[in-house]
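Remember, it's 1-based here, ligands and their atoms both numbered in the order they're listed. In what follows, residues are counted from 1 in the order of the sequence shown.
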Amino acid sequence: MNLTRTVCPYCGVGCGIMAGADGTIKGDPEHPANFGRLCSKGSALGQTIDLEGRLLAPQIGGRDAGWDETLDLIANKFSTAIRDHGPDSVAFYLSGQLLTEDYYVANKLMKGFIGSANVDTNSRLCMASSVAGHRRAFGTDTVPGTYADLEQADLIVLVGSNLAWCHPVLHQRIAEAKSARPSMRVVNIDPRKTATSALADTHLRIVPDGDISLFNGLLTYLADTDALDQHYLKHHVSGGLPAITQARLGDPLESGLSHDELEQFYQLWAGTKKVVTVYSQGVNQSECGSDKVNAILNCHLATGRIGKPGCGPFSVTGQPNAMGGREVGGMANMLANHLDIENPDHRAKVQEFWKSPTISAEQGLKAVDLFEACASGKIKALWVISTNPAVSLPDAEGVAAAIANVPFVAVSDIMARTDTGDLADVLLPATGWGEKDGTVTNSERRISRQRAFLPAPGQARPDWQIICDVAARMGWSDAFGFSSPAEVFAEYVALSTATMDFGRDLDLSIFADADYVNMIPTQWPQNDKRFFANGGFYHPDGKARMLPVSTPKASARDAFTLNTGRNRDQWHTMTRSGKAPRLGAHLAEPYAEIHPEDAAALAISAGDLIELSSPKGTSILRALITDRCARRQLFAPMHWTRQQSSAGLVNNLAISVTDPVSGQPASKANQVSARKFGAVWFGYAVSLRPMRPDCTYSAVARTLTGWQGEFAGLEMPDHWGELARGLMELGSCSASEVHDEHGQQTRIAFHDKDQLTGLFFASPTPVSLSRTHAVSLIGTSTPPLHALAGRSGAGQLDPGTTICACLNVGVNTLRDAIGAGATSVEALGAITCAGTNCGSCKPELERLLEDMRPAMAAE
Ligand SMILES: Nc1nc2c(c(=O)[nH]1)N[C@H]1C(S)=C(S)[C@@H](COP(=O)(O)OP(=O)(O)OC[C@H]3O[C@@H](n4cnc5c(=O)[nH]c(N)nc54)[C@H](O)[C@@H]3O)O[C@H]1N2
Ligand SMILES: Nc1nc2c(c(=O)[nH]1)N[C@H]1C(S)=C(S)[C@@H](COP(=O)(O)OP(=O)(O)OC[C@H]3O[C@@H](n4cnc5c(=O)[nH]c(N)nc54)[C@H](O)[C@@H]3O)O[C@H]1N2
Ligand code: SF4
Ligand SMILES: [Mo]
């Protein structure tokens, strides 16, 4: 089998992959991000490349259309809006999952040719606070760290990062470094206990947004204990004194930590030269996200702990090309190639290089404002590319209404049905991962080639080409006459060279003669270059700035604080990861983590549903009772959409509160009220065919044998059989229905000749039966009555919820192995194989061992 070297399309670690058209996926042993490792999502990519659900032809108003007709229509609608209402009446909303070449041409079209800066991206929801923090401190958006720093550090502080689930290969690299060098320390700062806390020596459970108090306290401690680097401060930093003075005004105890916890952490930080502080959405997605970033940067600048091996602040990017998007300037407040939109010299140079008729002179609308402008009628034509804002933005229902309010909406996606695509006038079929060529930049500034190994399906075209085709039809064929991504990349590199006189960080000259076809993963400006060890910042005086930051005013929080984030085995709105049965097995349903005492107070027991409400909307989720969450705090995943669930979308609870500097929404601290959802019946179904999430409560997911669904309702249906048929779309299959003697439990088996095609179970309490076993029966010739027994066959262990997605090992199998004497992750691997493929589940194995240890000791 011929394998193609490419990169993983999921997270910002940017792992190298060797992929084959038959679905073979292997880690690339030569890629410096992963050296052959992959996580569960990367390993399961082979299950996501089929054409099921793909958008294969352009659509206008729901009908298939030809490319010429569609492109003409878009060009016409945009040109007309610009003519009648000015350039700011149109907008692009892009994505950190676009390739650099796609991003570059979209930004060029909007800023240089249309003449508006209304081009923003989902990076606004993701990295904007880090970008703002970097620019305030360094004068440019530079990430000084490299992955090797993580292995060389003596202390790694993970702030607001669930690395074990969200950047699993970096987590694996740290875990390996730590086991080789046990003196290495890891501290995890998160209001919630996560899989990442398991790796950490210390988990500091701060209050939500307690970060500034904590890091201001650290800065004060460093100043008071003579731990500052006076030489570095004198020569390379300005603003040290005001920042320290401001920090002193805060009270570190407001972080929610005890005096002892603070003292120990401060001592450790002050006493360890090689510190890397890794931070992610717990920092960025906050009302004070930019200030949190600067509070962290202040401590590194004050101690000169930046840019040296094993040292530095490290904002890890979420999406595979979040970094590339920032580089090409694909955000409303940047120009291109790390140049400033406000700077007339920068603008003149870029305009001259682009030979463009115009250049936008001021910032455009940032994501949340952009969709508000859609709601108010200011935006007349909108093009959404490679992102799903009707799910991922706060006030998701409001955003959906805003999109519906725009007179003309085009959506480019790889899938036919998404919550955003469902609102579009025109759908454009894009080629997806595996089918398209280009480059991406990962968290450590490494540019890698994504290479196609599959043919473009149907009429799908690469995003850069669709954008250029529209630009040409708007009258700019010369400037957008690219015939390959290689040509786009060459222009992007040439722009960096042309603007080198401005002395910015983004120097791509190393790629000037790059062989695009065979390009090897390379960091800009050169491999292993660390910025700022000897100063050289990008403010006019060449110094970095420490910024005075103050603790945010505690908002009244009498309700619950809903924290949101990610699951190990799903990617965002699940359009791709949701296709992989292996991944669906990990956490198959939208849930809310709730503390046992809060659950008790709301009379919620295991398996019950919880209803969350805010002024914006309501969600119904399965209650997951756990002390991983602190009291009055909840956590729910962001993944579920209207496509798989009736009430699992959590962003419809969010009010659009944003950081005033970065415009990034505060997705981690939504104020909600909670109560038990008073379902009178609960249902569970497995089926050979897709199910509809068409019930007061419903959530459907892929399984190894088809689909499964969880349901619940507020009223007893008249006919269970009709209800089940409606949800399961099993048409002409015959049904066998069984009721228990009290008429409480209903069980229905559907079969087509000998084949079992569906099972439906309903009960007045949460349906308790082995999901794994039910799933395993679908498609077999098990007799209906036997199947309706609904439990594992006699003597056969129910493996339980899947923990190891690669090798399909369930929690009960693991518990058994621990009961039989397995005391380590390695021993569990040897007995059950769990964790021996990609290793993403190791933190959960660790946690299971930890959870069972006290119980066993007590026996
Ligand atoms: N499996 C998986 N991996 C992914 C993704 C995915 O969808 N699925 N998406 C990718 C993307 S785009 C991104 S941006 C990254 C995100 O990666 P992460 O930022 O690591 O993930 P999140 O789960 O969003 O949030 C991280 C943590 O922030 C904590 N937190 C909440 N509030 C606070 C606070 O006030 N202070 C602190 N210190 N912590 C807080 C949360 O409890 C949570 O554990 O993941 C990337 N990787
Ligand atoms: N509550 C809450 N909300 C959040 C977050 C949170 O932590 N909590 N996190 C935020 C963050 S950090 C992020 S990054 C966003 C992510 O949110 P989104 O970007 O909205 O989510 P995705 O599901 O990644 O959307 C990508 C879309 O692009 C499509 N696609 C995939 N490949 C291609 C391609 O090659 N071309 C085209 N044209 N389309 C393609 C996919 O099918 C999918 O529809 O969510 C944000 N929203
Ligand atoms: S860590 Fe996993 S999701 Fe992220 S790039 Fe690597 S394989 Fe892909
Ligand atoms: Mo993100």
Side-chain angles (χ1 to χ4, degrees), residues 7-17 25 27 31 33-34 37-45 53-55 93-99 102 121-128 163 165-173 280-282 284-285 317-320 322 367 384-394 396 411-421 428-436 438 442-443 450 460-463 466 562-566 570-578 636-639 641 643 649-654 664-668 670 838 840:
V7 278
C8 176
Y10 293 125
C11 85
V13 178
C15 295
I17 281 182
I25 300 288
H31 197 289
N34 56 321
R37 300 173 188 87
L38 287 181
C39 76
S40 48
K41 292 182 300 302
S43 313
L45 273 166
R54 285 290 297 270
L55 177 66
Y93 186 61
L94 312 178
S95 163
Q97 292 163 74
L98 286 170
L99 303 182
D102 306 324
T121 107
N122 61 4
S123 279
R124 185 68 56 200
L125 320 177
C126 182
M127 303 313 303
L163 208 75
W165 280 12
C166 297
H167 298 90
V169 164
L170 290 186
H171 182 267
Q172 287 175 30
R173 285 180 66 165
S280 187
Q281 299 316 336
N284 293 336
Q285 288 173 339
T317 44
Q319 298 174 91
V384 177
I385 311 179
S386 198
T387 176
N388 199 355
V391 180
S392 52
L393 270 163
V411 171
S412 299
D413 208 290
I414 56 168
M415 302 305 285
R417 293 287 313 275
T418 67
D419 287 3
T420 305
L428 298 154
T431 46
W433 182 74
E435 303 149 6
K436 107 189 230 197
N442 73 1
S443 290
Q450 177 173 308
R461 289 184 182 173
D463 289 296
I466 305 174
L562 172 68
N563 174 4
T564 60
R566 289 155 173 82
Q570 292 300 342
W571 178 261
H572 297 164
T573 71
M574 307 205 301
T575 60
R576 289 177 289 159
S577 53
M638 61 166 292
H639 305 296
T641 75
Q643 308 293 323
L649 184 77
V650 292
N651 269 328
N652 67 344
L653 296 166
Q664 179 157 353
S667 306
K668 298 280 185 261
N670 308 288
C838 79
S840 295

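- Judged by distance alone, with hydrogens and angles left aside, the side-chain atoms of His639 form no donor-acceptor pair with the main-chain N or O of Thr573 at under 3.5 Å.
- The number of protein N/O/S atoms found under 2.8 Å from atom 2 (Fe) of ligand 3 is 1.
- Under the rule for a side-chain contact (heavy atoms from CB on, under 4.5 Å), the partners of Ser95 that lie at least two apart in sequence or sit in another chain are Gln97, Leu98, Asn122, Gln319, Ser386, Thr387.
- In terms of heavy atoms, Val7 sits closest to His31 at CG1-NE2, 4.0 Å.
- Checked by atom type and distance alone, the side chain of Thr564 pairs as donor or acceptor with a backbone atom of Ser667 at under 3.5 Å.
- Annotation for ligand 3: atoms under 4.0 Å from non-hydrogen atoms of Gly14 are 5 (S).
- A donor-acceptor pair under 3.5 Å is formed between the side chain of Asn651 and the backbone N or O of Val391.
- No donor-acceptor distance shorter than 3.5 angstrom exists from the side chain of Gln285 to the backbone of Gln664, with no hydrogens or angles considered.
- A side-chain donor-acceptor contact under 3.5 Å links Asn442 to the backbone of Val13.
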Starting from the N and O atoms of ligand 2, collect every protein N/O partner closer than 3.5 Å and put each pair on its own line with the distance to 0.1 Å.
from     : atom 1 : to     : atom 2 : distance (Å)
ligand 2 : 1 (N)  : Thr564 : OG1    : 3.0
ligand 2 : 1 (N)  : Asn651 : OD1    : 2.8
ligand 2 : 3 (N)  : Asn651 : ND2    : 3.0
ligand 2 : 7 (O)  : Gln285 : OE1    : 3.2
ligand 2 : 7 (O)  : Gln285 : NE2    : 3.3
ligand 2 : 7 (O)  : Arg566 : NH1    : 3.1
ligand 2 : 7 (O)  : Lys668 : NZ     : 3.1
ligand 2 : 8 (N)  : Thr564 : OG1    : 2.8
ligand 2 : 9 (N)  : Gln285 : NE2    : 3.0
ligand 2 : 9 (N)  : Arg566 : NH2    : 3.0
ligand 2 : 17 (O) : Ser392 : OG     : 3.4
ligand 2 : 19 (O) : Asn122 : ND2    : 2.7
ligand 2 : 19 (O) : Thr387 : OG1    : 2.9
ligand 2 : 20 (O) : Thr387 : OG1    : 3.1
ligand 2 : 20 (O) : Asn388 : N      : 2.8
ligand 2 : 20 (O) : Asn388 : O      : 3.4
ligand 2 : 20 (O) : Ser392 : OG     : 2.6
ligand 2 : 23 (O) : Thr573 : N      : 2.9
ligand 2 : 23 (O) : Thr573 : OG1    : 2.6
ligand 2 : 24 (O) : Gln97  : OE1    : 3.2
ligand 2 : 24 (O) : Gln97  : NE2    : 2.7
ligand 2 : 24 (O) : Trp571 : NE1    : 3.4
ligand 2 : 24 (O) : His572 : ND1    : 2.9
ligand 2 : 28 (O) : Ser386 : O      : 3.3
ligand 2 : 35 (O) : Thr431 : O      : 3.3
ligand 2 : 35 (O) : Lys436 : NZ     : 3.3
ligand 2 : 36 (N) : Asp463 : OD2    : 2.7
ligand 2 : 38 (N) : Ser412 : O      : 3.1
ligand 2 : 38 (N) : Asp463 : OD1    : 3.0
ligand 2 : 38 (N) : Asp463 : OD2    : 3.4
ligand 2 : 39 (N) : Ser386 : OG     : 3.3
ligand 2 : 42 (O) : Asp413 : OD1    : 2.6
ligand 2 : 42 (O) : Thr575 : OG1    : 2.8
ligand 2 : 44 (O) : Asp413 : OD1    : 3.4
ligand 2 : 44 (O) : Asp413 : OD2    : 2.6
ligand 2 : 47 (N) : Ser392 : O      : 2.8

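- Between Leu45 and Ile17 there is a side-chain heavy-atom pair separated by less than 4.5 Å.
- Contacts of Ile414 classified as side-chain contact (heavy atoms from CB on, under 4.5 Å), with partners at least two apart in sequence or in another chain: Arg54, Ala430, Arg576.
- With a 4.5 Å cut-off on side-chain heavy atoms, Leu99 and Lys436 count as touching.
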